[in-house]
Protein chains: 2
Amino acid sequence: MSTSAEDLRAIALAEFTTAGYSATSLHRIADLAGLSKSSVLYHYASKETLLEATVAPAMHRMEEILDALKASALTPEGRAAFLSEFVDFILQYRREVNMFINQGPSLVDVPVIDQANEIVHRLADYFAANTASIEEKMRFGIALGGTAYMLCSPESMAFEADQVDEMRAALLKILMELLAPVTPPVAIGE
Amino acid sequence: MSTSAEDLRAIALAEFTTAGYSATSLHRIADLAGLSKSSVLYHYASKETLLEATVAPAMHRMEEILDALKASALTPEGRAAFLSEFVDFILQYRREVNMFINQGPSLVDVPVIDQANEIVHRLADYFAANTASIEEKMRFGIALGGTAYMLCSPESMAFEADQVDEMRAALLKILMELLAPVTPPVAIGE
DNA sequence: ACAGACTCTGACCGATCGGTCAATTATCGT
DNA sequence: ACGATAATTGACCGATCGGTCAGAGTCTGT
């Protein structure tokens, strides 16, 4: 049970998502871990390094998914398959996603967050590929931001493990409704 | 043109939403207003007071709406009417709503934010009145958090004024879809 | 011209921030 | 048992935080 390094990552992730990155001090993280601030800075060279380590796994996984997506088509089936994968991703990395979405805009100039924002843009491009209509853009924004919010809101953080299957099913259904209507809005022109 | 007081409120609102409350220093607000930090603290006794002044109008308006709601029934028509009013509210106070939703959980113990969180709870109670199903709760969370996110995301902050009518129509349509399906999920039992 | 309020400012305060560093303690391969 | 390496610590640093305060400028009504 290697304490410290991995523990710190988990503690930092929880604090960053609940209290916010800039509102979380290294001292607090150290206290929660039962260490001194110096020890935290021994494992992670800086607060920003700790942030990077915190979000890196989720970011790499999301990049994987997006890279694999390039080849895939924009068919309704393609979207449904992608959404299913995306829901699994979001459930696994709910805290990280919440950080990207909620604090991404306020953490510009932090390299790893800029990278995350770029990923969000790639995601938006996928869903807005065939349309520039305001409604479609809003659907994407609501689906993404809403999911991120809901999965980390104090209320929903309560129910865990045993209801995860039900959550996944409901989330997938709602996102399909928002992003891949069974009756396509218009025949795709090209 | 009474400078200062009202200007400061607007500047603080913009900074609190884009950079976050705890990441925004009084010094920065003063700079943006062309004043000294001392002047900011002359108009508002503390940073927290400034926050309260910033969000108070939106909070009072939302309380108005919720109070008026008590009498109204839970009929589909009631929901539709409420949603229309709610969309207007959200478009008018988009930044404030974004603050409530995104930073509410991290600003606990700030009285005015606790009050705001209570309002969100009242709202949730209205929509979850007849059901405790996970899906319904998720629908509400996604609708609320998604709308707040989308209306303050860097991309959507771009298009303004001229498209507001189109935005309202699209937003209302999407929220109706999420929260008041034309085909009620089940006949309401009681 | 004068008094009193309103507005603004710089100097200053204690606390806390992220971060450095030298020294100490634990751990472990040999 | 010993040396090396990893882990941890407290003392300390400059910067910045929110906030206080005494005073100076500005604007009134009289």
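To find a chain, count down the sequence lines: A is the first, B the second, and so on, and within it residues start at 1. Because the structure is predicted, anything quoted here is derived from the model rather than measured.
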Asks: Tell me the interatomic distance from A:Ile29, atom CD1, to C:dT16, atom C1', rounded to whole angstroms.
Replies: 15 Å

Asks: Please report the distance, rounded to the nearest Å, between NZ in B:Lys47 and C1' in C:dT16.
Replies: 13 Å

Asks: Out of C:dG18, D:dG19, C:dT7, which nucleotide sits closest to the side chain of A:Leu26?
Replies: C:dG18

Asks: Establish, with yes or no, whether the OP1 or OP2 oxygen of C:dC8 is under 4.0 angstrom from a side-chain nitrogen or oxygen of B:Tyr42.
Replies: no

Asks: Check every strand shown and say whether A:Thr24 touches a base, only sugar-phosphate, or nothing at a heavy-atom separation below 4.0 Å.
Replies: sugar-phosphate

Asks: Got a salt bridge between A:Glu85 and A:Arg61, using NZ or NE/NH1/NH2 to carboxylate O under 4.0 Å?
Replies: yes

Asks: How many Å lie between CG on A:Asp31 and P on D:dT9, as a whole number?
Replies: 11 Å

Asks: Say whether, by atom type as modelled, one donor and one acceptor occur between the side chain of B:Arg79 and the main chain of B:Leu179 under 3.5 angstrom.
Replies: yes

Asks: Given B:Phe127 and B:Phe82, is the side chain to side chain contact (heavy atoms under 4.5 Å, CB included) satisfied, shown in steps?
Replies: CA-CA 11 Å; B:Phe127 281 103; B:Phe82 169 75; 3.6 Å; yes

Asks: B:His27 NE2 to C:dG10 C1': how many Å, rounded?
Replies: 13 Å

Asks: Rounded to 10°, tell me the angle between the two end axes of the helix from C:dA1-D:dT30 to C:dT30-D:dA1, each built from five pairs.
Replies: 10°

Asks: In whole angstroms, how far is the P atom of D:dT20 from the OH atom of B:Tyr44?
Replies: 17 Å

Asks: If the plane angle is over 60° it's perpendicular, under 30° parallel, otherwise tilted; pick one for A:Tyr93 and A:Phe89.
Replies: tilted

Asks: Using a 4.0 Å heavy-atom cut-off across all strands, classify A:Leu41 as base, sugar-phosphate, or nothing.
Replies: base

Asks: Could A:Arg139 and A:Glu135 be called an ion pair, given the rule that one side-chain N must be under 4.0 Å from one carboxylate O?
Replies: yes

Asks: Indicate whether OP1 or OP2 belonging to D:dT16 is found under 4.0 Å from a side-chain N or O atom of B:Ser25.
Replies: no

Asks: So, is A:Ser39 close to the D:dT9 phosphate, meaning a side-chain N or O under 4.0 Å from OP1 or OP2?
Replies: yes

Asks: Think B:Ser38 has a side-chain N or O under 4.0 angstrom from the OP1 or OP2 of C:dT9?
Replies: no

Asks: Please confirm whether any donor atom in the side chain of B:Lys37 sits under 3.5 Å from an acceptor in the base of D:dG18, or the reverse.
Replies: yes

Asks: Whole-Å distance between C:dT24 P and A:Leu35 CG?
Replies: 21 Å

Asks: Between C:dC8 and B:His43, is there an OP1 or OP2 to side-chain N/O distance shorter than 4.0 Å?
Replies: yes

Asks: Is the Lys NZ or Arg CZ of B:Lys47 less than 6.0 Å from the centre of B:Tyr21's six-membered ring, within 45° of the axis?
Replies: yes

Asks: Give the minimum heavy-atom separation between A:Arg9 and A:Pro57, together with the two atoms involved.
Replies: NH2-CG, 3.8 Å

